[in-house]
Amino acid sequence: MGFQALLMVPLGFAALCLFTFLRTNLLYQIAIRDKRNEKVPPILPHTIPWLGHVFGFLTPAPGRFFRKLLSWYSREHGGASMKLAGRDVRLIFSTTAVQALMKAKTDVANSDTMIKDMICKGLGLSGQEYAKYVGHGRHLEHEISNKYLLRPTGADVLVRSFSRFMKAGIMEESTRLASGAGDSKTGEALILFPWLRSFMFKASATSFFGEHLFKEYPGLMSDFWEFEPMFLDLLFGVPKFVNSVPHTLQQKVHRGMTAWVEANDRAMGDKVPSPDAPDVDWEPRWGSRLVRAREALFKSLGISAAGRASFELGMMFALNANAVPASGWLLIHILDPRTPDILPRIMEEIQEAVDRRAGLRPAHPPQPAAAAGMFHEVLRLYVDVLITRGVYQDMKLPTEDGQRKLLLKKGTVAMAPSYVNHYDPNGYAGAPVDEFDGERFLVPANDSDEAPGHPDDEKAAKVSRKPYAFSLGAAGAKMIPFGGGRTMCPGRVFAKREVFTAVALVLLNFELAPIAGEAYKIPPHLPSYSGTGVISHGGDVKVQVKRRAGGAQQRKPSVVS
Ligand code: HEM
């Protein structure tokens, strides 16, 4: 009898799954045949009640869920609905609908719940502390980000500081290489990404948070990169009994960041220096104007040291988890021996930037086309974000055909996966969309793209003769690496300049070349859940690194910024 009762459990579950499968397939067929112009995106069939598509969606392989889905489900529907652990999630594919979603008014759809999950589940902020911040505090934080990070004046100051600390790191590395590491002719064989990361992370973190961060928390860099790939486990609520590592690492990094906040408070008598102090773009304790303004805000909201550590850890993620791997991918593709004309083009643009700073060229040139094209191709291919909005009022999203609209009901979650638009096979010129094409966003230059060079300046005239210019063209609307609308990434201006500065400084100071006799393979994606941001390298490239004769260590400071 006991055995029979026990048998009933799996049998009952199997019957429930069969029922769910049949029911959701039937509803799906009805939804697909529904010819109304305004309708909820069809609910995709699934088998497991409540959990729905959780297992498929939580596959640690970027893009795989959407690739599989779009192998049988037409993107012409504009979107689809899925069940994710009891939540009704509307996936938005149509480019027009994605743009409309991101532009929706805050009271109709916003990202507050996603931000709450990130800070609380991902970064350890308590619900009570979040309550002090949500609403007014969040609005003020946006104002601070706009002023000290997004606006050109704010971004300029941050890029200058970053450049200064990056150069210091490069100097150290140059000295190390000069002191006999590797063969003086060929240089040292190094694994590219961890090598770049070691000084880029330190430079960006010091420029934002001040130099005491690494004094109070010396293990930050290694702990951060161990924790970073586990962040989504916490965000998606993977329980401790399934995998305790992300939870342990979160506590460790959070403890270290809290120790830094407390040490700064003690040293500064609980005061934060003014973010607007003239001539103090950076100071050793709280670093940048941006972080000083944020700290003053969080203190004024009565947020504890532990709470402030969670917020700053969030900024640390925003700062490093995307821009550092993006710089790595960019370098990897610049050095790819299968496209030998790319490196000289990029070097030429870097030299132009150096000359401009030295006053040898016009101050306002067109943007460096080859570098911009490569950077946007890196964003297209390697950014995997889920632009997520909670829907608080019923809304209708227009689609391309001008007739059909996607209905989103209050209480649902809308998600625009960048993968679907970034990998649209009909969306881009150039090589197939799953390949890297550094020239995808280069178009023939026309007269209006020409640099306003001084007629006597031969080098400036050379710029204007370039046969190509950078343009996203019609694909611009499909490119959503930074999200959109009111909460569009406020770090986007800084990020691009940070990546350009890092790559330029590395190439100016070191000669990097593939290892002779070894295959140069572009690494695969690091296995990770959808929504990881810039996908990390799931492998690496080994390169020969040598000091470049006449690098920045022999130049005046601020060569490139
Ligand atoms: C390649 C680099 C980067 C990518 C791909 C990226 C992408 C994104 C995306 C997709 C969002 C969400 C936007 C939305 O919901 O519409 C976001 C938000 C954010 N990003 Fe970035 N980001 C990058 C670099 C940075 C950097 C360097 C910083 C800071 C220095 C930064 C700071 C932020 C902040 C503070 C937010 C949250 C805005 C809010 O409060 O809602 N990001 N980023």
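The first residue of the sequence shown is numbered 1, and numbering continues consecutively from there. Whatever order the structure lists ligands and atoms in, that order sets their numbers, starting from 1.
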Gly484 heavy atoms, cut-off 4.0 Å: which ligand 1 atoms fall inside? 16 (O)
Start with the C-alpha distance between Arg308 and Glu312, add both sets of side-chain angles, then the distance that settles salt bridge (charged side-chain N to carboxylate O under 4.0 Å, His left out), and finish with yes or no. CA-CA 6 Å; Arg308 285 153 57 207; Glu312 298 312 355; over 6 Å; no
Ile115, portion touching ligand 1 at heavy-atom distance under 4.0 Å: side chain
Angle class for the Phe494/Phe162 ring planes (parallel below 30°, perpendicular above 60°, tilted otherwise)? perpendicular
Do any side-chain atoms of residues 99-108 form donor-acceptor pairs under 3.5 angstrom with protein atoms, and if so which ones, sequence neighbours left out?
unit_1	atom_1	unit_2	atom_2	d
Gln99	NE2	Ala477	O	2.7
Thr106	OG1	Arg486	NE	3.2

Is NZ or CZ of Arg380 both nearer than 6.0 Å to the six-membered ring centre of Tyr423 and within 45° of the ring axis? yes
Tell me which protein heavy atom sits closest to atom 5 (C) of ligand 1, plus the residue, atom name and distance to 0.1 Å. Pro481 O, 3.5 Å
Quick test of your reading of the model: are Arg345 and Glu439 salt-bridged, counting only N-O distances below 4.0 Å? yes
Closest heavy-atom pair and its distance - Val40, Ser81: CG1-OG, 4.0 Å
Nearest neighbour in protein (non-hydrogen) for atom 13 (C) of ligand 1: Thr487 O, 3.3 Å
Excluding waters, which protein N, O or S atoms are within less than 2.8 Å of atom 21 (Fe) of ligand 1? Cys489 SG
Would you mind checking if Asp276 and Lys147 are paired as a salt bridge, meaning a charged N to carboxylate O distance below 4.0 Å? yes
In the protein, what heavy atom is nearest to atom 39 (C) of ligand 1, and what distance, to one decimal place, separates them? His142 NE2, 3.6 Å
Just to check, does Gly485 reach to within less than 4.0 Å of ligand 1 when the distance is taken from its heavy atoms? no
Angle between ring planes, Phe165 versus Trp282, binned at 30° and 60°: parallel, tilted or perpendicular? tilted
Return the orientation label for the Phe311 and Phe298 ring planes: parallel under 30°, perpendicular over 60°, tilted otherwise. parallel
Specify side chain, backbone, both or neither for Glu141, according to which of its non-hydrogen atoms lie closer than 4.0 Å to ligand 1. neither
Looking at Phe208, which atoms of ligand 1 are within less than 4.0 Å of one of its heavy atoms? 30 (C)
Among Arg138, Glu498, Met316, Met102, the residue with a heavy atom nearest to atom 40 (O) of ligand 1 is Arg138
Would you call the rings of Phe317 and Phe227 parallel, tilted or perpendicular, taking 30° and 60° as the class edges? perpendicular
When you check the gap from the basic side-chain N to the acidic O, do Lys299 and Asp265 get nearer than 4.0 Å? yes
Looking only at protein heavy atoms, what sits closest to atom 16 (O) of ligand 1 is Arg389 NH2, 2.7 Å
